[in-house]
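Because the structure is predicted, anything quoted here is derived from the model rather than measured.
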Amino acid sequence: MKWEGDDNPVLINDPRFSPAGVLAPKSKADLAFIMHSLAWLATNGTAAIVCFPGIMYRGGAEKKIRQYLIDNNFIDCIIQLPSNLFFGTSIATCIMVLKRSKADNRTLFIDASKEFVKVTNNNRLTEENIAHIVDEFISRNGTQHFSHLANYDEIKAQDYNLSVSTYVEQEDTREVIDIVKLNAEIEEIVAREQILREEIAKIIAEIEGQK
């Protein structure tokens, strides 16, 4: 659906969009749909909306709308999904979960980017993947390298950036190198090399002595 954005100045008076004080950009309508959904959300309701990742970190009007949503405690959770999950796009999308009546002012960030199985050229969420995500969403415990429960001040300090990677630290899967052991191996190689050089020097000296 097309979004007129600030091409239609009357929209800023629309009760769905006016609370944020700005309109979502004409070329990026995601936050307009989010504000529309929030306007119709029941006091005890929950909305889960699939979004493109750019709305989580871009500046300008989109940042102001994110700030409105966080300042008023409407965002319950952001879930980072795997790439290549939906037909027609390979982009790793997100789910924004909205609530009007949260129990606290914290927002849960879940990195589910590795929760998938590969099926031909696409990725797919299995029942186990979905259960893992939902269990974390319900428990809100915060699991290292998988989720983080951020309070309002933490999000404000990040300038209202809602990218999951800002809050959930990636696991370092690089091989741990034992420097002491590596140094000992290098010293052994150098010593063996020196012995070989001395042996070669002896052989050359013998050959030259026979001439």
Can E115 and E128 be said to form a side-chain contact (heavy atoms from CB on, under 4.5 Å), step by step? CA-CA 9 Å; E115 292 290 321; E128 290 78 10; over 6 Å; no

For [X], is the [atom1] atom crowded, meaning more than 12 foreign heavy atoms sit under 6.0 Å from it?
X: K118; atom1: NZ; result: yes
X: Q194; atom1: CD; result: yes
X: E185; atom1: CD; result: yes
X: N121; atom1: CG; result: no

Do [X] and [Y] have side-chain heavy atoms sitting under 4.5 Å apart?
X: Y160; Y: L69; result: no
X: N122; Y: F86; result: no
X: L125; Y: L85; result: yes
X: T107; Y: I70; result: yes
X: L23; Y: I65; result: no
X: M35; Y: R16; result: no
X: H145; Y: Q170; result: no

Applying a strict under-4.5 Å side-chain criterion to I, L, V, M, F, W and Y, I'd like to know whether [X] and [Y] cluster together.
X: L38; Y: I12; answer: yes
X: V164; Y: I49; answer: yes
X: L81; Y: I55; answer: no
X: M56; Y: I133; answer: no
X: I186; Y: I179; answer: yes

Any chance you could measure [X], atom [atom1], to [Y], atom [atom2], to the nearest 0.5 Å?
X: E4; Y: K2; atom1: CD; atom2: NZ; value: 10.0 Å
X: I155; Y: I75; atom1: CD1; atom2: CD1; value: 7.5 Å
X: L108; Y: L149; atom1: CG; atom2: CG; value: 5.5 Å
X: I79; Y: I110; atom1: CD1; atom2: CD1; value: 4.5 Å
X: N72; Y: R100; atom1: CG; atom2: CZ; value: 9.0 Å
X: C77; Y: I138; atom1: SG; atom2: CD1; value: 11.0 Å

Backbone N or O of [Y] within a donor-acceptor pair of the [X] side chain at under 3.5 Å?
X: D14; Y: L11; answer: no
X: N161; Y: S163; answer: yes
X: S101; Y: T43; answer: yes
X: N123; Y: S83; answer: yes
X: R66; Y: R58; answer: yes
X: T89; Y: I91; answer: yes

Hydrogens and angles aside, do [X] and [Y] bring a side-chain donor and acceptor to less than 3.5 Å of each other?
X: E136; Y: T143; answer: yes
X: K114; Y: Q80; answer: no
X: E154; Y: H148; answer: yes
X: Y152; Y: N73; answer: no
X: D159; Y: Q67; answer: no
X: Y167; Y: D111; answer: no

Over all heavy atoms of both residues, which pair between [X] and [Y] is shortest? Give the atoms and the distance, please.
X: A61; Y: P25; answer: CB-CD, 4.4 Å
X: A32; Y: A24; answer: N-CB, 3.6 Å
X: I95; Y: A48; answer: CG2-CB, 4.0 Å
X: P19; Y: P15; answer: CD-O, 3.3 Å

Looking at F116, does the NZ or CZ of R124 lie under 6.0 angstrom from its six-membered ring centre and within 45 degrees of the ring axis?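 Not satisfied by the 6.0 Å and 45° rule.
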
Steps toward side-chain contact (heavy atoms from CB on, under 4.5 Å) verdict (L98, D76): CA-CA 5 Å; L98 301 173; D76 185 57; over 6 Å; no

Residue list, salt bridge (Lys or Arg N to Asp or Glu O under 4.0 Å) with K102, at least two apart or on another chain: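 Partners of K102 by the salt bridge (Lys or Arg N to Asp or Glu O under 4.0 Å) criterion come out as none, since no residue qualifies.
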
Angle between ring planes, H132 versus F146, binned at 30° and 60°: parallel, tilted or perpendicular?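 Aromatic pair H132/F146 classed parallel.
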
Passing option when F17 is tested against W3, Y68, F33 for ring pair (Phe, Tyr, Trp, His ring centres under 6.0 Å):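 The single option meeting the ring pair (Phe, Tyr, Trp, His ring centres under 6.0 Å) with F17 is W3.
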
